[in-house]
Protein chains: 2
Amino acid sequence: MAARTTYHHGDLKAALVDAGVAAASEGGEAAVGLNRLAAGLGVSASAAYRHFPEGLEDLLVAVGNVARRRLAERLALRISEVAPSQDAATDARRRFRASGRAYVEYVLEEPGLFQVANRHDRGRLPDADPFGVLESCIADLVSAGVLDEARRPDAATAAWAAVHGLAVLLTEGPLRRLPPDRRDRAVERTLDMVEAGL
Amino acid sequence: MAARTTYHHGDLKAALVDAGVAAASEGGEAAVGLNRLAAGLGVSASAAYRHFPEGLEDLLVAVGNVARRRLAERLALRISEVAPSQDAATDARRRFRASGRAYVEYVLEEPGLFQVANRHDRGRLPDADPFGVLESCIADLVSAGVLDEARRPDAATAAWAAVHGLAVLLTEGPLRRLPPDRRDRAVERTLDMVEAGL
DNA sequence: AGGGTCGTGTGAACGATGTCAACATCGATG
DNA sequence: CATCGATGTTGACATCGTTCACACGACCCT
């Protein structure tokens, strides 16, 4: 956006990632183009290759990392907002449920970023790891006595699959046009299933 | 592939869809290009636009329809293979479980086609409707007394989300490189959750 | 049989994409 | 102050989706 006065940009890499995040936010992966973004920053396309050696894919991974970090932060936020009660078991359950709701909430807010996050992933990062957040929720369930230790293996995977699948279906999938009330109902129904079935 | 002797191709539309299916099967959506496919058939690119007025997107939808039909057929096949017992309830449960397993099975076999099926969907078709198959499994569960009528709303959605999400995570997602035994364990664990939680 | 019509395929062109190699410029370091 | 490495530019290439004017030919109608 902002035209540039100096020959060197200053921090082109960060600027490209920011622009990529903005583009992905509206328009999804298809809107993230190296030429377009560079032009938008008043910079030639090939300049980007200095900062993303493997080209577009590298940039998409970087954008995806931002998206994953934001998602993880949203999960942590919603979990932290759960008002503690006297019962550790119901607290753990509520936090677990809040994380699932927050997942869908974020994805509905930022479907484009979610798309990039899914499609360009090079493994877990400590500060951008939504799955890690979910795993600690599961650990809480175990230590609160809600979930049996024997049932812990793959419990996080199963829960993740349910919530992730729902998010995909609701944004890119056939449930795209579900009205908000039916959407919420589907979310709660799915969380019911997970909570009862884990 | 096969060069053509006559000026007219005969059935270019079907040939393009076939080639698109083959290309998507290895290489996913990115491998489905109008120019490449047309050239492969010894035909100019613009010829394709006679049969797919909206261009590439139309072709991708057609390929997706094939993929959805095959998936639905696979589900129906695996359901039909369940040996009936004396108990209608356990039969319904087994068929339901078989459908979930079949879903993952197919997606692992044809991740590229699954990708196209997900990303280019213009609504349910009677002969290519995996969700419809799942819905009738749920209906079976209800009529067999396994699932309470009151819990039927959105039950299919929740179950679908879990299985779909798992399939996505196992093919395009972070669970991509899970070894087969751990993969199977995750599938069974997820089906356990769905069955117990629905 | 002859002639017209409409479905189908061709050729060339346009703009946009990702990518690369050769060159230009700046800032920091000796 | 000179040099050198990091950073940005220019220009080019192949490929992509798409469109338009044109060419072919199978079929129908008289």
Side-chain angles (χ1 to χ4, degrees), chain A residues 1-64 112 115-116 119-120 122, chain B residues 1-64 112 115-116 119-120 122:
Chain A
M1 301 284 185
R4 162 190 48 129
T5 158
T6 58
Y7 183 86
H8 283 355
H9 180 282
D11 196 352
L12 182 55
K13 179 164 187 170
L16 279 169
V17 174
D18 283 356
V21 168
S25 180
E26 27 180 331
E29 165 167 18
V32 181
L34 224 41
N35 291 334
R36 214 193 342 261
L37 293 185
L41 288 147
V43 151
S44 83
S46 32
Y49 285 82
R50 300 287 175 199
H51 305 278
F52 303 97
E54 304 198 6
L56 178 60
E57 175 59 22
D58 265 3
L59 174 60
L60 285 168
V61 170
V63 172
Q115 194 177 71
V116 176
R119 297 183 184 180
H120 303 93
R122 285 201 189 145
Chain B
M1 304 282 181
R4 161 188 48 126
T5 159
T6 57
Y7 183 85
H8 284 352
H9 179 282
D11 197 352
L12 182 55
K13 179 164 189 172
L16 279 170
V17 174
D18 283 356
V21 168
S25 180
E26 30 181 327
E29 166 167 17
V32 180
L34 223 42
N35 290 335
R36 216 196 335 267
L37 292 184
L41 286 137
V43 151
S44 84
S46 34
Y49 284 82
R50 300 287 175 197
H51 306 278
F52 302 98
E54 304 197 8
L56 178 60
E57 175 60 21
D58 265 3
L59 174 62
L60 285 167
V61 170
V63 172
Q115 195 178 68
V116 176
R119 298 183 184 179
H120 302 93
R122 286 202 187 142

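Proteins come first, then strands; the chains are lettered A, B, ... in the order of their sequence lines, and each starts at number 1.
- Comparing B:Ala48 and A:Asn35 against DNA chain C, the residue whose closest nucleotide sits nearer the 5' end is B:Ala48.
- The base of D:dT10 lies close enough to the side chain of A:Ser46 for a donor and an acceptor atom to sit less than 3.5 Å apart.
- Spacing between atom CG of B:Leu59 and atom C1' of D:dC16 amounts to 14 Å, rounded to whole angstrom units.
- One can place CG of A:Leu41 at 11 Å from P of D:dT9, the figure rounded to the nearest angstrom.
- Using a 4.5 Å cut-off on side-chain heavy atoms (C-beta onward), A:Val43 and A:Leu16 make no contact.
- For the pair B:Tyr49/B:Leu34, a side-chain contact is recorded, criterion being any heavy-atom separation below 4.5 Å from C-beta on.
- A sub-4.0 Å separation between OP1 or OP2 of D:dG8 and a side-chain N or O of A:His51 is present.
- Out of D:dC16, C:dG9, D:dG8, the shortest distance to the side chain of B:Leu12 is found at C:dG9.
- With rounding to whole Å, B:Phe52 atom CZ is found 18 Å from D:dT19 atom C1'.
- Checked against C:dG9, D:dT10, C:dT19, the side chain of A:Leu34 finds its nearest nucleotide in C:dT19.
- Distance A:Leu37 CG to C:dA16 C1': 14 Å, rounded to the nearest Å.
- Here the nucleotide nearest the side chain of B:Tyr49, chosen from C:dT10, C:dT17, D:dT18, is D:dT18.
- Rounded to an integer number of Å, the gap from CZ of B:Arg50 to P of D:dC24 is 15 Å.
- One can place CZ of B:Arg36 at 19 Å from P of C:dT17, the figure rounded to the nearest angstrom.
- At a threshold of 4.5 Å between non-hydrogen side-chain atoms, the residues A:His120 and A:Val63 do not count as touching.
- Atom C1' of nucleotide C:dC20 and atom CG of A:Leu56 are separated by 15 Å, given to the nearest angstrom.
- The shortest side-chain heavy-atom distance between B:Glu57 and B:Arg122 falls under the 4.5 Å cut-off.
- What separates CG of A:Asp11 from P of D:dA6 is a distance of 16 Å, to the nearest Å.
- Rounding to the nearest 0.5 Å gives a distance of 7.0 Å between CD of B:Glu29 and CZ of A:Arg119.
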